[in-house]
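Heavy-atom basis, side chains included; hydrogens, waters and symmetry copies ignored. In the text below, chain A, chain B and the rest are named by the order of the sequence lines, each starting its count at 1.
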Amino acid sequence: MNLSSSSGKLSRNTLISLINKSSTFPHLAQTHAQLILNGYRFDISTITKLTQKLFHFGHTRHARALFFTVPKPDIFLFNVLVRGFSLNDSPSSSISLYTHLRRNTDLNPDNFTYAFAVAACSNENLLMLLHAHSIIDGYGDNVFVGSALVDLYCKFSRVGFARKVFDGMPERDTVLWNTMINGLVKNCCFEDSIQVFKEMVTRGVKMDSSTVTAVLPAAAELQEMRGGMGIQCLALKFGFHFYDYVLTGLMSLYSKCGDVKTASLLFGMIGKRDLIAFNAMISGFTSNGETECSVRLFRELLVSGEKVSSSTIVGLIPLHSPFGHLHLACSIHGFCVKSGIILNPTVSTAFTAIYNKLNEIDLARRLFDESTEKTVVAWNAMISGYTQNGLTETAISLFQEMMKTEFTPNAVTITTILSACAQLGSLSFGKWVHQLIKSKNIEPNIYVSTALIDMYAKCGNILEAWQLFDSMSEKNTVTWNTIIFGYGLHGYGHEALELFNEMLHLGFNPSSVTFLSVLYACSHAGLVEEGEEVFHSMVNKYRIEPLTEHYACMVDILGRSGQLEKALGFIKELPVEPGPAVWGTLLGACMIHKDTNIARLASERLFELDPESVGYYVLLSNIYSTERNFPKAASIRQVVKKRKLAKSPGCTLIEVNGTPHVFVSGDRSHSHATDIYAKLEKLTGKMREMGYQSETAPALHDVEEEEKELAFNVHSEKLAIAFGLITTEPGTEIRIIKNLRVCLDCHTATKFISKITERLIVVRDANRFHHFKDGKCSCGDYW
DNA sequence: CTAGGGTTAG
């Protein structure tokens, strides 16, 4: 059509319709010319429409120029401009225009102005200022303004403010509810978002598919299948059309909750599957162990020519599969390198984590060292890798290296390092970390507190552990498990049982580990009936299937109390094949009660099941020694020698003024060696006067003394105690850590020493804690 | 609507 040739005047409506129909910028420019020719260049409604369309085509500069030709713009035109700038990546222009409007015109901003200007805020202060203005001008109650405020406060992570605005609104429409739910989800307040959603449903507010799309990720994140299905049912009831977005959200929910079957069904229903849908499905398959499916889907994605994102890669890494996926992880890694996919910190950390889980620490470390862009998360992954693999010293030194960088440890770092600390038993370092938490203002969340409790318990300070536990406002099952285990570790069986009952009373769900901790506590305190009762309730009431560890604990409880036949009967009736842990426990019990027949039976099974382990050989040879069958005992030791099975040497650690000192059996290398031996000699004299005799009976457990001739050697434990006595003030408590179990002689000797020197001596051996005080030990000679 | 690191376990 040729507009310029038309002779008659065009009406305003015709022009507006022409503007609306313009599909390209040149077309629109032509319409603009028509508009001028027809005398509408100052007609504000026509100009406004034109401005809107200009913004639509992204011609911000033209729109701005046009605006300044209008002599007396009205508030509507201003609003279009404020909105237009902010939609076209120029939110600062929106704000300047708003300022101009307030300062230089007589116009009053309206609800649209505020809604649009709020959306253009680039920082929190500005937002608050506009919030205040809107209230002053009487638009504080407007839903449009309210929605914008809620949205922006959430974007600046000010969930509390957003919530205040939301709660204060006298009327709320669907968009406002959606905005609130969406904002909460984006800020990881999943419970709250579901709460708001439920309130919305209860109040009968009309939902739409955006509501569903917004709330589904929260259900998925909480792995709340029931909640998620409720949402789905509601959506069905309200008869929504299941848009691809909703389907993707639902699929992702099922995928995260482990129902990949339903997820893949939904995946098939999605009309146009985008990358996000693929990623969710791939990661669902992977975390469910169906790695072939995820790889297949990944191939499909590659073939379709779609781009692959870093989420795709992270979703492919079989982080949650148990073991044996090293090959897969390596090939995905190889694929990334080959196809030039940049390992961003997230992807790189995911690889580090899987290598750590597969005990491929060196591979993980190489990746960590190579990554140019380290993050706190990467440091944490590496430190936790060392901790999980028992390399506690390396973990701590890497942590110290991190402290020298610009990275500050966060709650996760602290949790990990506390776990390392607990393994190591270093109370002084643990206390230092505790101080660090306070001084660096690290968020004392449940992980940190639980790790602290564990650290104090394992480093010997059960009182501090209890006080921390007692002061915690929020506890979970793991927290309870930790304190129960701690009490068991220190031999306080009755207290552990009391805590267990309190936990149940408060409605916490006991886990498999809970029962392990309780049974463990029973075995350390000789609570046979209680142990049997707990085991029974675990199986029959709580329907928790016992693991080998639970069985071993039961064997320990029965065996220690002398009911060896009963223990053997228990083993024979096990529904599973008993492993070395079970037989080993029985063997240990035989040692205490000197039952050579059952011991022989147990050790035969052990030599079959676990020929590499030395401890059992030592135990059996000790049993023969008890029977004074020395040739047999010696021949067993020969087997150990022949097979070059090394037994870890006994050593003991003591910290004095924060410095660790390590002693081995018969150690003379220490700079204070002369003083230490002199002190021991003096003590032994006093002990003899009080009735002490060296215990000649063989060691009960896997202790230091291996050969008869080593009997002259002083065990590392006594050396450490003597050193502690001469280097600390009288009355100071002495804490030592042994890598093996305490032998009978040392146990008796330590009791005497605690009496003579009036010291509290706390010993952590390979198995538990002993508190020696006034000639008695907290274990009641039952260990 | 998709993605990385953390606490308990004879």
Spacing between [X] atom [atom1] and [N] atom [atom2], to the nearest angstrom:
X        : N      : atom1 : atom2 : value
A/Lys256 : B/dC1  : NZ    : P     : 11 Å
A/Leu519 : B/dG10 : CG    : P     : 12 Å
A/Met472 : B/dT8  : CE    : P     : 13 Å
A/Phe769 : B/dG10 : CZ    : P     : 14 Å
A/Ile571 : B/dG10 : CD1   : P     : 18 Å
A/Glu474 : B/dT7  : CD    : P     : 17 Å
A/Ile453 : B/dA9  : CD1   : P     : 13 Å
A/Leu452 : B/dT7  : CG    : P     : 14 Å

From [options], pick the nucleotide closest to the side chain of [X]?
X        : options              : result
A/Phe485 : B/dA3, B/dG5, B/dG10 : B/dG10
A/Asp454 : B/dT2, B/dG4, B/dT8  : B/dT8
A/Asn476 : B/dG4, B/dT7, B/dT2  : B/dT7
A/Ala350 : B/dT8, B/dG4, B/dG5  : B/dG4
A/Val185 : B/dC1, B/dT8, B/dG5  : B/dC1
A/Asn445 : B/dT8, B/dG4, B/dG6  : B/dG6
A/Asn344 : B/dG5, B/dT8, B/dA3  : B/dA3
A/Asn481 : B/dT8, B/dG4, B/dG6  : B/dT8

Can you tell me if A/Arg768 uses its side chain to pair, donor with acceptor, with the backbone of A/His524 under 3.5 Å?
->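 Yes.
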Take A/Phe368 and A/Trp379, measure what ring-ring contact (aromatic ring centres under 6.0 Å, His included) needs, and give me the verdict at the end.
-> CA-CA 8 Å; A/Phe368 175 76; A/Trp379 280 94; 5.1 Å; yes
Taking any heavy-atom pair under 4.0 Å as a contact, classify [X]: base, sugar-phosphate, or nothing.
X        : answer
A/Thr375 : base
A/Ala411 : base
A/Val448 : base
A/Ser283 : nothing
A/Lys458 : sugar-phosphate

Could you label the plane-to-plane angle of the [X] and [Y] rings as parallel, tilted or perpendicular, counting under 30° as parallel and over 60° as perpendicular?
X        : Y        : result
A/Tyr542 : A/Phe515 : tilted
A/Tyr551 : A/Phe535 : tilted
A/Trp466 : A/Tyr487 : perpendicular

Short side-chain N/O contact from [X] to OP1 or OP2 of [N], under 4.0 Å:
X        : N     : value
A/Lys374 : B/dG5 : no
A/Ser419 : B/dT8 : yes
A/Gln388 : B/dG5 : no
A/Ser384 : B/dG6 : yes

Which is it for A/Asn344 and A/Ser310 under the side-chain hydrogen bond (donor to acceptor under 3.5 Å, both in side chains) test, yes or no, and what are the steps along the way?
-> CA-CA 8 Å; A/Asn344 69 18; A/Ser310 44; 3.3 Å; yes
In dot-bracket form, how is DNA chain B paired, counting a Watson-Crick or G-U wobble pair only if both its distances are under 3.5 Å and using | for bases paired to another strand?
-> ..........
Is any N or O donor-acceptor pair between the side chain of [X] and the base of [N] shorter than 3.5 Å?
X        : N     : answer
A/Thr415 : B/dT7 : no
A/Asn410 : B/dG5 : yes
A/Ser311 : B/dT2 : yes
A/Thr416 : B/dG6 : no

Would you sort out whether A/Tyr245 and A/Ile276 count as a side chain to side chain contact (heavy atoms under 4.5 Å, CB included), showing the intermediate values?
-> CA-CA 10 Å; A/Tyr245 280 177; A/Ile276 286 165; over 6 Å; no
How about A/Ser309 and A/Thr312: does a side-chain donor come under 3.5 Å of a side-chain acceptor?
->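 There is such a pair (donor and acceptor under 3.5 Å, judged by atom type) between the side chains of A/Ser309 and A/Thr312.
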Answer with yes or no after comparing the ring centroid distance for A/Phe267 and A/Phe285 against a 6.0 Å cut-off, counting only values under it.
->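 No, the ring of A/Phe267 stays outside the 6.0 Å limit from the ring of A/Phe285, centre to centre.
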